[in-house]
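Any value given below was found using the heavy atoms of this structure, including those in side chains, with hydrogens, waters and symmetry copies removed.
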Amino acid sequence: MRKVVRTQIRINEPPQTGQAYRRLKGEGYSAAEAVELIAAVLAAEIFYMLSENGEHDPARYATMLKRLPELPPDSDA
């Protein structure tokens with residue numbers, strides 16, 4: 001998960017990942033902590049996709065990223 005997050009940040013796709021990373025760093029989180037928080041959101045999105053046999057929902061992913069450092073509740077995953 002962390003490798004995927006770092007790649008998303010590096011290539012700026014989706015841009016919301018890099019925005020969340022920079023915002024979290026600006027709020028005092030270390031680079032590693034910011035990546036871990038974003039990785040938790042990515043894991044929640046993947047869990048949702050697998051458990052619901054659904055597709056990736058970019059809007060849901062972006063919303064969860066905006067809520068960080070609040071982690072997605074179990075009901076969202």
- Nearest heavy-atom approach of Ala34 to Tyr29 is N-CB, 4.4 Å
- Query: Glu33: what forms a side-chain hydrogen bond (donor to acceptor under 3.5 Å, both in side chains) with it, not counting sequence neighbours?
  - Reply: Ser30
- Close side-chain approach of Leu24 to Ile38, heavy-atom, < 4.5 Å: yes
- Listed by chain and number, what are the salt bridge (charged side-chain N to carboxylate O under 4.0 Å, His left out) partners of Glu36, not counting sequence neighbours? Arg2
- Query: Tyr61: what forms a ring pair (Phe, Tyr, Trp, His ring centres under 6.0 Å) with it, not counting sequence neighbours?
  - Reply: His56
Check: residues 14-21 side-chain donor-acceptor pairs under 3.5 Å, at least two apart:
{"residue": "Thr17", "atom": "OG1", "partner": "Gln8", "partner atom": "OE1", "Å": "2.9"}

- Query: Could you go step by step and tell me if Arg60 and Glu45 meet the side-chain contact (heavy atoms from CB on, under 4.5 Å) rule?
  - Reply: CA-CA 8 Å; Arg60 179 180 55 229; Glu45 176 63 14; 2.6 Å; yes
- Message: Does any part of the side chain of Ile46, heavy atoms only, come nearer than 4.5 Å to the side chain of Met1, both counted from C-beta?
- Response: yes
- Query: How many angstroms lie between CE in Met64 and CG in Leu37, if you round to the nearest 0.5 Å?
  - Reply: 13.0 Å
- Between CG on residue Leu68 and OG1 on residue Thr63, distance to nearest 0.5 Å: 11.5 Å
- Pairing residues for Arg22 by the salt bridge (charged side-chain N to carboxylate O under 4.0 Å, His left out) criterion, not counting sequence neighbours: none
- Message: Are Leu71 and Val35 linked, directly or through intermediate hydrophobic residues, by side-chain heavy-atom contacts shorter than 4.5 Å (ILVMFWY only)?
- Response: yes
- salt bridge (charged side-chain N to carboxylate O under 4.0 Å, His left out) with Glu27: which residues, sequence neighbours excluded? Arg23
